[in-house]
Amino acid sequence: MKFDLQASFTFSGDITAIKKEIERCVSTLNENVLKKDDDHKAKIERAAIEGNKLCLSIYSEGVFRPHNALLQIKNFFVKELGLKHHVGVRGVTVDHYSIVFDLEKEPLHPVSIPFAEVKTQGKQVTMSLSEVSDEFLQKNYIDRMINRLKEKVENQYYEGKAEFWKLIWESDEIKPVWSSDPTEEMVKLDWLKQGPTKGKWFYRPQAAAVLKTMEKIAIEEVLKPLGFQEVIESHIKPFDIWLKTGHMEGMPGEFYYVVEPKTRDPKDWEHFVDLTKITKEVNIAELTKNLSPPSAGICYAQCPMIYWSFKGKTIAERSLPVLVYDKTAVSCRYESGGRHGIERVDEFHRIEPVYIGTREQLLILREKLLERYKFVFNDIFELEWRMAWVTPWYMQQAGKFGESKEQDTGTIDFEAYMPYRGTRKDSEWLEFQNLSILGDKYIQAFTIKAQKSELWSGCSGIGLERWAIAFLAQKGLNPEHWPKGFRKYLDKLPEGIQFL
Ligand code: SER
Ligand code: ZN
């Protein structure tokens, strides 16, 4: 990498007369202060004096970034010139900063980035910044800009490519009871009602009973036997949690945002109330005047807030592994084109178990969870399903692709055959659950500690709609055709309500 920085130092007085002294300082800076070793050096390549101004060109190719040298240069001038020549440094400004680096691959399309003009030639990138503030330099924006640019080019190569997917296990083929789309049939039977807004559903007693049975089975057959304890979290996630987990940069286009009223003083709302009473309509422009900008969003996944609840805590060894789950927060994801039935929705119900413990504890837990899940899907649901390693969800949710580097960490997807979609081979199977071990990613992000142990964490998403649709798509809507194991939990559906 090549860094070329043009900075001007403004002194308290004219420095033309002490040109020699300045030149001596520049030599000393180059020989000592800016040269720690061969890899770790920057060089002032040019120094020009204009009255009380000293303009420097600082160049480096190594890990020592010129902008990190500015403070040292300033301090050096203060020390050397202050006592002897009674001049101080009033200010330092960066006039221009150009950074040249090589990418691994040539960009496929032009790339841009905030705060800089970007030019590429083959694999070489030149990032030019002008009028850079101190704050900008101190906040490490430069490194993040370089990383972001590299990431954007890398992503260009993934666009449109199939995601990583590696089969782990598959069940035997099981003859489905039918091949209809369960949602459509449930709507016809009035078990379900679509809406009231996009991608949301109203579950009437029969469909609600199926979802609640899924919840019960997950708790009784998977979570309780393994010692998971229930927690209840808030639905509303402030942005700082998503900044830490990476969701904020990963999927800002998929959140349902939450806004608070600016005020609850009836006087401030009087006009809006008058309008509503008179027009019987919602005057959005008037309403917006009384709303704050968004500062949070509705739950997207439950684990981020569970990690947040452990933020800065030291967990006692005896509490490891921590095994908790939330089944209260309802998740919302803004789907654009992909909505379908109750399996691809904007609002869904999920139980999310989260586990925190040592690497060994979590690897053992993964085996136990897999064993319990297999019992549910094979012996209770009698499903045709399979498991595959996929791109870890946190990478997907941070807009990244590919597989996790280590074997111990990563995400397993559970997929079920959907007879209504076509043949086993050619149709898309439904991802109805996932299970992940994520190493220390969130442990670090939320500074979670143990007395002695190094912690890892992971989570598993048990989507109730997904469980229900995987089951119903293969087993139909008639309880008489349902497997015995399932009928132990739900033998008869509620009567529901008859409509005329
Ligand atoms: N957090 C995981 C996900 O978002 C599991 O729910 O998929
Ligand atoms: Zn999670």
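Note that the structure is predicted; figures quoted are calculated from it, not measured. Every number for a ligand or one of its atoms is a count from 1 in the order of the listing. Residue numbers start at 1 and run along the sequence shown.
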List by chain and number: which residues place a heavy atom under 4.0 Å from ligand 1?
->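 Correct list: A301, C303, R333, R350, E352, W393, Q397, N434, C459, G461.
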Report, rounded to 10°, the angle at the Zn ion (ligand 2) between the two atoms OE2 (E352) and SG (C459).
->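 My answer is 100°, to the nearest 10°.
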Check the pair K139, E135 against salt bridge (charged side-chain N to carboxylate O under 4.0 Å, His left out), reporting the backbone distance first and the verdict last.
-> CA-CA 6 Å; K139 282 192 169 164; E135 200 200 352; 2.9 Å; yes
Should the pair H247 and W242 be assigned to parallel (<30°), tilted (30 to 60°) or perpendicular (>60°) ring geometry?
->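 Rings of H247 and W242: tilted, 30 to 60°.
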Taking the inter-plane angle between the rings of W385 and F414 on a 0 to 90° scale, is it parallel (under 30°), tilted (30 to 60°) or perpendicular (over 60°)?
->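 If you compare the ring of W385 with that of F414, the planes turn out parallel.
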Could you tell me whether R333 and D346 have a side-chain N and a carboxylate O separated by less than 4.0 Å?
->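 D346 and R333: not salt-bridged.
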In a table with atom names and distances, give each donor-acceptor pair under 3.5 Å that connects a side chain of residues 107-128 to protein atoms at least two apart or in another chain.
| from | atom 1 | to | atom 2 | distance (Å) |
| --- | --- | --- | --- | --- |
| E117 | OE2 | K119 | NZ | 3.3 |

Determine, stepwise, if the pair K150 / E104 fulfils salt bridge (charged side-chain N to carboxylate O under 4.0 Å, His left out).
-> CA-CA 8 Å; K150 288 183 174 170; E104 280 183 15; over 6 Å; no
